[in-house]
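Here is how names work: the chains are called A, B, and so on, in the same order as the sequence lines, proteins then strands, and each is numbered from 1.
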Number of protein chains: 2
Amino acid sequence: MAHAYEHPHPAVTTDVVIFTLAADSLKVLLVRRAHLPFQNQWALPGGFVEIGEDLEVCALRELEEETGVTGVFLEQLYTFGAPRRDPRERVITVAYYALVPMDRLHLRAAGDAREVAWFRCDALPELAFDHADIVRMAQQRLCAKLQYSTLALQFMPDRFTLGELQRVYEIILGEPQDKRNFRKRMLAYDCIEDTGTERRNGNHRPARLYTVKSPGEVRIIR
Amino acid sequence: MAHAYEHPHPAVTTDVVIFTLAADSLKVLLVRRAHLPFQNQWALPGGFVEIGEDLEVCALRELEEETGVTGVFLEQLYTFGAPRRDPRERVITVAYYALVPMDRLHLRAAGDAREVAWFRCDALPELAFDHADIVRMAQQRLCAKLQYSTLALQFMPDRFTLGELQRVYEIILGEPQDKRNFRKRMLAYDCIEDTGTERRNGNHRPARLYTVKSPGEVRIIR
DNA sequence: GCAAAAGTGTTCTAGGTACACCCATGT
DNA sequence: ACATGGGTGTACCTAGAACACTTTTGC
């Protein structure tokens with residue numbers, strides 16, 4: 001049954017590049033490997049696809065196991081299958097990336113022995129396998145997609161200020177945005193809504209709070 | 001060795017959506033299946049990934065076996081892995097798409113019993129497995145990428161006229177292009193070059209022949 | 001001379017960019 | 001009163017869209 005076709009069967013995994021924003025920087029979730037190969041090195045969360053398990057379901061499972069979140073943005077990135085990317089046997093990995101809003105994290109207690117941590121994208125440790133390539137491609141995709149879609153809204157909490165949203169763009173793109181043009185553009189997309197409420201934050205004028213009109217949707221713009 | 005990890009191993013294939021342009025329409029190459037499942041139905045060319053064979057190499061092999069061409073555009077499309085997409089066992093397929101210039105075809109003689117044919121994209125027969133989904137996604141990608149890259153040049157023969165290039169866009173996008181704006185834009189990209197020669201074709205003025213400056217390259221524009 | 005595709009410029013419009021000052025609050 | 005981030009409008013510029021006539025050939 002498992003070998004109904006007369007052909008070699010490689011192992012297949014999914015790996016997930018889980019992004020979030022914290023402390024004014026873009027972060028990726030990594031886990032420290034407990035076993036060989038690459039023992040003790042940092043790697044992307046991921047695991048083997050079960051027979052009968054859909055690829056995206058597998059990635060969602062990894063995502064929830066590591067961050068406790070469900071219902072967030074997840075998209076297939078690319079499939080990496082170089083013959084010797086895993087030193088043990090042939091392993092093909094279907095890579096996904098996910099965007100977790102800053103406020104929805106419930107990181108698993110590191111009770112299951114493995115170490116789990118967020119790393120700044122601009123200061124990653126050495127990674128196992130070809131995971132550095134995977135993260136690089138995910139970050140490229142994120143940058144690109146930010147500029148022709150409303151993807152950035154997937155990082156926002158339920159209510160947020162335009163200043164916070166602008167900071168998200170600035171952190172990911174790595175360049176400052178003009179405040180007036182930014183606000184004009186965002187409001188023109190008609191994707192966010194003034195809640196009528198405000199937030200007081202420091203020694204300055206309170207900021208209006210906005211919400212995303214249809215939270216699930218990522219619209220293509222331009 | 002083949003089961004160094006204690007996990008189920010699905011079968012993995014690559015399938016290739018091979019596009020070309022002929023008779024003023026966009027065509028896809030299909031093969032008629034000789035065996036079960038889906039015996040006698042049309043399907044994408046594809047096959048099992050060998051242990052030790054890179055995914056893209058596997059796709060290139062399929063492409064060459066079916067069309068005899070090498071050195072043409074090939075790009076990973078998406079990985080399809082729904083649990084029951086193959087009725088026999090779990091098969092995950094990494095789908096690619098390829099663009100073959102109209103003049104570079106050397107279709108294999110159908111001597112190997114299997115039937116091979118080009119079909120208009122707008123008149124496909126019923127396809128095996130989830131191949132209809134794969135073709136649909138490939139066609140979407142092609143349309144999208146035409147508009148923000150120089151991908152269309154991959155369809156052109158060594159020398160071609162601007163009228164022919166315009167027809168390529170019109171066929172794939174399914175809408176007429178303004179002649180003057182089209183020419184202005186193409187020349188502004190600075191990707192094609194006037195050869196100084198002309199071609200006489202019918203009862204009308206001869207057309208200038210152009211070549212692609214760097215044939216391999218696909219540039220992102222806008 | 002007529003049919004058929006090749007070739008060619010200008011005007012208009014919309015979206016993007018650049019840019020500087022007042023406002024509400026906490027200390 | 002002052003420091004801090006929030007909030008607002010106009011002028012400019014550039015890229016894309018709309019649009020019609022002349023040229024060269026074969027018959």
Side-chain angles (χ1 to χ4, degrees), chain A residues 21 23-24 102 143-144 146-150 152 156-157 159-171 173-211 219-222, chain B residues 21 23-24 143-150 152 156-157 159-171 173-211 219-222:
Chain A
L21 283 156
D24 271 346
M102 333 180 192
C143 277
L146 220 55
Q147 300 177 73
Y148 66 86
S149 77
T150 58
M156 306 314 289
R159 308 158 130 237
F160 56 91
T161 70
L162 281 173
E164 288 163 350
L165 183 57
Q166 184 176 340
R167 235 159 291 135
V168 169
Y169 276 83
E170 290 176 338
I171 291 165
L173 299 178
E175 54 191 18
Q177 304 288 308
D178 179 89
K179 203 205 300 187
R180 279 172 292 189
N181 294 338
F182 180 81
R183 286 162 185 248
K184 209 190 313 173
R185 207 169 67 234
M186 284 303 140
L187 296 173
Y189 294 156
D190 196 35
C191 284
I192 61 175
E193 201 167 26
D194 192 336
T195 61
T197 58
E198 298 186 327
R199 175 192 295 155
R200 281 158 217 233
N201 207 13
N203 324 346
H204 54 81
R205 178 172 175 175
R208 285 198 193 141
L209 289 169
Y210 290 81
T211 49
R219 265 206 10 232
I220 305 299
I221 51 190
R222 290 181 210 189
Chain B
L21 281 156
D24 272 346
C143 277
K145 208 141 182 168
L146 221 55
Q147 301 177 72
Y148 66 86
S149 77
T150 59
M156 306 315 290
R159 308 157 129 237
F160 56 91
T161 70
L162 281 174
E164 288 164 350
L165 183 57
Q166 184 176 340
R167 234 159 293 135
V168 168
Y169 276 83
E170 289 175 338
I171 291 164
L173 298 177
E175 53 191 18
Q177 303 287 307
D178 179 89
K179 203 206 297 189
R180 280 170 292 188
N181 294 337
F182 180 82
R183 287 163 183 248
K184 209 190 314 171
R185 208 170 67 235
M186 284 302 141
L187 295 172
Y189 294 156
D190 195 35
C191 284
I192 61 174
E193 203 166 25
D194 192 336
T195 61
T197 57
E198 297 186 329
R199 175 191 296 155
R200 276 156 223 235
N201 207 14
N203 326 346
H204 54 82
R205 178 170 174 176
R208 286 200 191 137
L209 289 169
Y210 290 81
T211 49
R219 265 203 13 228
I220 305 298
I221 50 190
R222 291 182 210 189

For DNA chain D, determine which residues of residues 176-190 of chain B have any heavy atom closer than 4.0 angstrom to one of its atoms, and list them numerically. B/D178, B/R180, B/N181, B/K184
Distance from B/D24 atom CG to B/I171 atom CD1, nearest 0.5 Å? 4.5 Å
Which heavy atom in A/G163 sits nearest to a heavy atom in A/R183, and how many Å separate them? N-NH2, 4.1 Å
A/D178: salt bridge (Lys or Arg N to Asp or Glu O under 4.0 Å) partners, not counting sequence neighbours: none
Quick one: are A/F160 and A/M102 in side-chain contact, heavy atoms under 4.5 Å? no
A/Y169 side chain reached by A/M186 side chain, heavy atoms, under 4.5 Å: yes
For a quick test of reading the model, state the closest non-hydrogen atom pair linking B/A207 to B/T161 and the distance between them. CB-CG2, 3.6 Å
Please report, rounded to the nearest Å, how far the P atom of C/dA5 is from the CG atom of B/L209. 17 Å
Atom NE2 of A/H204 to atom P of C/dC23: distance rounded to whole Å? 18 Å
Nucleotide D/dG5, atom C1' - distance to CG of A/L165 in whole Å: 16 Å
What is the minimum heavy-atom distance between A/Q177 and A/Q166, and which atoms define it? O-NE2, 2.8 Å
Do A/I192 and A/L162 have side-chain heavy atoms sitting under 4.5 Å apart? yes
Between N or O atoms, less than 3.5 Å apart, protein on one side and nucleotides 12-15 of chain D on the other: list the pairs.
none

Apply side-chain contact (heavy atoms from CB on, under 4.5 Å) to B/R159 and list each qualifying residue two or more places apart in sequence or on a separate chain. B/T195, B/T197, B/L209, B/T211
How many whole angstroms separate atom CG of B/D24 from atom P of C/dA5? 11 Å
Strand contacts (DNA chain D) in residues 194-203 of chain B, 4.0 angstrom heavy-atom criterion: B/G202, B/N203
With sequence neighbours excluded, tell me which residues meet side-chain hydrogen bond (donor to acceptor under 3.5 Å, both in side chains) with B/R219. none
Interatomic distance, A/R205 CZ vs C/dT25 P [rounded to whole Å]: 8 Å
Side-chain contact, heavy-atom cut-off 4.5 Å: A/Y189 with A/R222? yes
Which whole-number value in Å describes the distance from B/E164 CD to C/dA4 P? 19 Å
